[in-house]
Amino acid sequence: MSDVSPGFPVRGTPVSSVRSTPDITTDPAHGGRWTSLRAGGREWLWHRDEPRRPSVVPGDAFADAGGLEECVPTVRGVPDHGDAWSRAWRRDGGTESVDCPDFRLERRIRAGEGRAVVDYRLTAEPGYRFLWAAHALLDLSEEARIGIADGAPVRVYPDGGDGWTPALWPAVGTSGGLGRLGPDDGTAVGAVVSASEVYVHDGPAALRFAVEAEGQPVSIALWRNLRGFPEDRPYRSIGVEPMLGRVFDLAAAGDGDAACVPPGGEVRWRLTVVAEEETNRVRNQ
């Protein structure tokens with residue numbers, strides 16, 4: 001699996017930047033959630049008070065406390081946000097794992113030399129189909145930009161259902177495209193982009209996620225909630241989510257839309273996180 005070098009893909013004067021090794025904190029006792037992703041002197045993960053989160057049990061409706069949740073074997077649908085987020089994980093040395101009814105998921109996080117690398121392994125019966133998403137809710141300003149290669153195919157989900165419309169990145173769905181956030185406007189849009197890497201550029205700082213999984217479909221999921229969800233008490237939340245699969249709900253997955261366990265009984269993949277900060281300002285963005 002390859003290394004990742006993000007840089008700042010913007011127009012104008014070349015950018016000088018420095019890398020900062022991400023510092024990741026997880027909470028195995030409460031679903032293995034990433035509770036902190038710090039780099040360059042800032043916290044990248046967004047959080048909200050959710051009193052239900054510490055006491056959830058399998059089968060509960062999703063309790064959104066922010067951070068990064070490991071959503072597997074589905075994101076939407078049943079079980080809500082998957083099976084792993086509501087179960088206690090175990091930590092054994094540098095490996096964290098969770099046992100769910102149909103699979104076991106393990107991950108190992110290593111950080112150094114300006115990047116964090118998370119190696120995953122899911123074991124299940126051959127033929128088992130699943131989705132996985134690193135459901136990262138990020139603390140971003142209104143000026144933040146999301147960068148994905150122009151022209152990448154996009155499935156735009158206008159609501160919480162299974163229906164989607166095809167488009168190309170970035171000029172889809174909203175003013176300025178999905179790559180621009182802006183102020184709250186009462187909308188909430190989901191998208192799944194056929195891409196393996198994404199960067200988030202917020203002021204002088206940039207964060208990049210890249211996902212690699214040999215022989216499996218990889219995508220970048222987005223959740224652009226500008227106080228449009230939930231209907232009764234909407235709040236702002238921005239999700240940038242490397243994933244295996246091409247849909248939000250496993251029940252709606254067609255051929256090639258989900259990861260599939262091969263005859264060997266395991267799927268391995270890697271998530272790489274890189275953070276950089278500009279040391280000079282860019283002109284003509």
Side-chain angles (χ1 to χ4, degrees), residues 1-4 22 24 26-34 37 58-59 67-112 115-136 192-198 209-221 241-274:
M1 294 184 178
S2 63
D3 289 336
V4 177
I24 297 170
T26 65
D27 184 1
H30 299 98
R33 183 169 69 104
W34 298 24
L37 170 55
L68 185 154
E69 300 278 13
E70 304 279 5
C71 294
V72 58
T74 192
V75 182
R76 296 179 179 178
V78 180
D80 189 7
H81 283 69
D83 255 331
W85 73 273
S86 59
R87 299 174 186 272
W89 292 46
R90 295 177 303 280
R91 180 178 289 160
D92 182 6
T95 300
E96 296 174 338
S97 63
V98 60
D99 288 309
C100 296
D102 297 318
F103 63 89
R104 184 180 192 189
L105 179 65
E106 301 174 357
R107 73 181 176 204
R108 184 177 182 87
I109 301 173
R110 296 171 291 129
R115 61 170 51 84
V117 174
V118 190
D119 287 315
Y120 291 89
R121 177 175 178 260
L122 182 143
T123 54
E125 289 295 317
Y128 179 70
R129 301 176 81 221
F130 68 96
L131 307 174
W132 163 83
H135 182 66
V192 178
V193 189
S194 293
S196 61
E197 58 184 344
V198 57
F209 292 120
V211 58
E212 303 168 82
E214 185 176 356
Q216 305 291 344
V218 298
S219 303
I220 302 295
E241 311 175 24
M243 71 180 299
L244 302 190
R246 299 192 179 104
V247 292
F248 283 118
D249 188 346
L250 180 61
D255 291 342
D257 284 343
C260 186
V261 177
E266 67 175 35
V267 176
R268 294 177 181 264
W269 67 95
R270 172 173 289 181
L271 173 64
T272 303
V273 186
V274 180

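Since the structure is predicted, the reported quantities are computational estimates derived from the model, not experimental observations.
- Side chain of Q216 to main chain of G245: no donor-acceptor pair is present (N/O by atom type, distance under 3.5 Å, no hydrogens or angles).
- In this structure, the separation between CD1 on I109 and OG1 on T26 is 5.0 Å, given to the nearest 0.5 Å.
- Between the CG atom in D102 and the CG atom in D83 there is a gap of 7.5 Å [rounded to 0.5 Å].
- From M243, atom CE reaches atom CG of L271 across 13.0 Å, with rounding to the nearest 0.5 Å.
- Applying the salt bridge (charged side-chain N to carboxylate O under 4.0 Å, His left out) rule to D99 yields the partners R90, R104; only residues at least two apart in sequence or on another chain are considered.
- In this view, R121 and E106, T123, E266, R268 satisfy the side chain to side chain contact (heavy atoms under 4.5 Å, CB included) rule, not counting sequence neighbours.
- Here the closest non-hydrogen pair linking C260 and V267 is O-CG2, 3.8 Å.
- Salt-bridge check for R270 with E212: failed, with every basic side-chain N at 4.0 Å or more from each acidic carboxylate O.
- A distance-only check finds a donor-acceptor pair linking the side chain of W89 to the backbone of G31 [under 3.5 Å].
- Tested against V72 for a side-chain contact (heavy atoms from CB on, under 4.5 Å), the candidates L244, L250, L131, L105 yield a single pass: L105.
- The two residues A124 and V261 have their closest heavy-atom pair at O-CG1, 3.6 Å.
- The backbone N or O of G32 lies less than 3.5 Å from a partner atom in the side chain of R107, making a donor-acceptor pair.
- Here the closest non-hydrogen pair linking S219 and V211 is O-CG1, 4.1 Å.
- For the atom pair CZ of F130 and OG1 of T74, the computed distance is 12.0 Å after rounding to the nearest 0.5 Å.
- A donor-acceptor pair under 3.5 Å is formed between the side chain of W85 and the backbone N or O of D80.
- To the nearest 0.5 Å, atoms NE2 (H81) and NE2 (H135) are separated by 4.0 Å.
- For the atom pair CG (D27) and CD (E96), the distance works out to 9.0 Å, reported to the nearest 0.5 Å.
- Taking each heavy atom of P242 and F209 in turn, the nearest pair found is CG-CB, 3.5 Å.
- When all heavy atoms of P22 and A116 are compared, the closest pair comes out as CD-N, 3.8 Å.
- Residues R87 and C100 share a closest heavy-atom pair of CD-SG, 3.7 Å.
- Using a 4.5 Å heavy-atom cutoff, the side chains of W269 and L122 are in contact.
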Residues D119, R110; criterion side chain to side chain contact (heavy atoms under 4.5 Å, CB included); working and verdict: CA-CA 8 Å; D119 287 315; R110 296 171 291 129; 2.8 Å; yes
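- Note on residues 251-262: pairs passing salt bridge (charged side-chain N to carboxylate O under 4.0 Å, His left out), not counting sequence neighbours, are R155-D257.
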